[in-house]
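When a ligand or atom number is given, it counts from 1 through the structure's own listing order.
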Amino acid sequence: MLLRFYNTLSRRLEDFEPLEPGRARLYTCGPTVYGYAHIGNLRTFLFEDVLRRSLKLAGLSVTQVMNLTDIDDKTIREAKAAGLELRAYTDRFIAAFFADLEALRVERAEHYPRATDYITEMVALVERLEAAGHAYRSEGSIYYRIATFPGYGKLSGVRPEANLVGARVDSEEYDKEDARDFVLWKGAREGEPSWETAIGPGRPGWHLECSAMSMALLGERFDIHTGGVDNIFPHHENEIAQSEGATGEPFARYWLHAEHLVVEGEKMAKSKGNFFTLRDLVAQGHDPLAVRYLLISVPYRQKLNFTMDGLHGAAQVIERIANTLRRLRHAPPAAGPGALAEAAVEAFRRDYREALADDLNTARALAALHTLLRQVNTALDGEGVSEPARAALGEALRDVAAVLDILPEDEVGGDAQEIERLVVERTTARAARDFALADAIRDRLAAMGIAIEDTPHGTVWHRTG
Ligand code: AMP
Ligand code: ZN
């Protein structure tokens, strides 16, 4: 399974070849923990989850880092407003963030560094940039002189204009098209947290955080760097200038960016007030699984327009999938070859993998799943599904659970595959008149909270707890 990604840096689709064979190193820009993530943020994190899981499905081992920005203008402002120490304030939203990820079935990254735990590495990076002539000091702060980095603009296409060189900006939020010298280190200010360091008292700029933490945990060169499209400029452009300015080597090889979740044509954003958090939706009775389904259903490079109708639609699709799988589970195995051919299941597995390999085309992968489930329903209406086709289906659904992970918990999530396997083993034991083994398996299932029932149509199971 050879993956292909659209690389923002080269502006074309490229085959993915990791620097180190068999291992993918991935840096995903994480949340600024000054409030609850909104579902626009979560769309980007879900894209990264699909990316991570697709890399694994392709047989690669993955080392993923997601930073937690626990110091910037916004976290400082909000902590102050809440009357809390910065750490106590951000702790709360980090916990909330992990709860959201859990509810959305996002797989954990290997590392979640907090910016405030990497001040030493950030200071060392600034020292390297100063030594290489890329940085200058002004009024207690340290800036990056973009005129010293000829590659500036290669990711975003935003070029520094001659008349702007030397114009400084120390805010994290600045004009989209305006390339200026940016702040690396902000001199200490009254009433703001600061650190006493070798480069003077102060705190890091946001861009510096990601360069320092990615290089500390993944090495100076690594494979993939991701974020939302709003991160391309200035954040990622500045990261490249910092990292390559310090090392003289190329930084990340592949840059992937997720398009925005929009509401009535406008980017979902805290500042616009047009946002929902996951807890808002759950409080309204929505299932997080439907949110997951909706947010991954559109390929990541397309904008996704969020509507309540769309969310209801996603919930209905999930219910339909659950019904088909329930039906399959309760149906007796076909006596003959069955109407659902193993070849159809194999075709699905191929289509599904090809879709994901094709720049994570989740819409195509889901379409393949729906085609397969339609075939299952048709077969169940007729001749049924044979044992070998069922086994092949089990494998196929494992692939679905491995990446899209939108199957209802009862069917394949958690331990359902294991349960199915034990039930089949018990049926085989009974057929061989090995009742001691059959009983032992029944006891083992009971210990897992699973009751089984032998019906004229075969064995069915349900959870007792
Ligand atoms: P922040 O917490 O603001 O640093 O954002 C976390 C991530 O969410 C970043 O990768 C942003 O690019 C991404 N993001 C912000 N708004 C949206 C949106 N409306 N749709 C998709 N991703 C977004
Ligand atoms: Zn970042």
Side-chain angles (χ1 to χ4, degrees), residues 8 26-51 64-75 77-78 90 93-94 96-97 100-101 104 106 109 111-115 118 122 125 155-156 172-173 176 182 204-218 222 224-243 251-252 255-278 291 294-296 298-306:
T8 308
L26 169 64
Y27 188 86
T28 48
C29 280
T32 309
V33 284
Y34 71 106
Y36 297 116
H38 60 62
I39 57 170
N41 304 134
L42 294 172
R43 182 198 188 191
T44 292
F45 302 135
L46 282 165
F47 137 67
E48 288 152 352
D49 186 50
V50 170
L51 169 62
Q64 181 189 356
V65 177
M66 177 174 280
N67 63 294
L68 302 167
T69 298
D70 64 350
I71 180 158
D72 78 329
D73 297 347
K74 290 185 242 175
T75 42
R77 188 186 65 215
E78 297 301 320
T90 55
F93 291 105
I94 289 174
F97 176 63
D100 286 351
L101 296 189
L104 291 173
V106 172
H111 304 277
Y112 289 99
R114 291 173 76 140
Y118 283 78
M122 296 175 202
L125 182 55
L155 181 72
S156 62
E172 258 108 32
E173 304 184 42
K176 269 187 78 172
F182 59 91
W206 172 41
H207 314 301
L208 184 70
E209 299 176 7
C210 284
S211 279
M213 293 191 286
S214 61
M215 296 198 291
L217 291 162
L218 294 173
F222 56 90
I224 308 178
H225 197 312
T226 68
V229 288
D230 57 309
N231 287 153
I232 299 173
F233 182 83
H235 184 48
H236 290 166
E237 195 69 67
N238 290 352
E239 274 189 53
I240 292 175
Q242 294 167 147
S243 297
F251 181 44
W255 290 81
L256 276 59
H257 293 100
E259 253 300 348
H260 285 144
L261 186 69
V262 298
V263 186
E264 285 161 17
E266 268 209 288
K267 175 189 170 191
M268 182 175 283
K270 288 248 174 73
S271 57
K272 296 202 178 104
N274 62 350
F275 66 92
F276 291 99
T277 64
L278 183 62
V291 177
L294 178 66
L295 294 182
I296 68 173
V298 173
Y300 77 96
R301 286 205 297 128
Q302 291 172 28
K303 286 198 173 69
L304 196 171
N305 189 35
F306 178 77

Sequence-distant partners of Ser214, side-chain hydrogen bond (donor to acceptor under 3.5 Å, both in side chains), two or more places apart: none

How about Asn41 and Thr44: does a side-chain donor come under 3.5 Å of a side-chain acceptor? no

Are a donor atom and an acceptor atom from the side chains of Ser211 and Ser243 found within less than 3.5 Å of each other? yes

Listing protein N, O or S under 2.8 Å around the Zn ion (ligand 2) gives Cys29 SG, Cys210 SG, His235 NE2

Indicate yes or no for a side-chain donor-acceptor contact from Glu237 to the backbone of Ser156 under 3.5 Å, with no hydrogens or angles considered. yes

Is a side-chain N or O of Thr8 found less than 3.5 angstrom from the main chain of Trp255, in a donor-acceptor match? yes

Given side chain to side chain contact (heavy atoms under 4.5 Å, CB included), test Leu101 with Tyr112 step by step and report yes or no. CA-CA 13 Å; Leu101 296 189; Tyr112 289 99; 3.8 Å; yes

Looking at every heavy atom in both Cys210 and Tyr27, which two are closest together, and how far apart are they? SG-OH, 3.2 Å

Salt bridge (Lys or Arg N to Asp or Glu O under 4.0 Å) with Lys270: which residues, sequence neighbours excluded? none

Every residue of the protein that comes under 4.0 Å of ligand 1, judged on heavy atoms: Gly30, Pro31, Thr32, His38, Gly40, Asn41, Thr44, Phe45, Gly227, Gly228, Asp230, Asn231, Glu259, His260, Leu261, Lys267, Met268

Side chain proximity check, Asp230 to Lys267, heavy atoms < 4.5 angstrom: yes

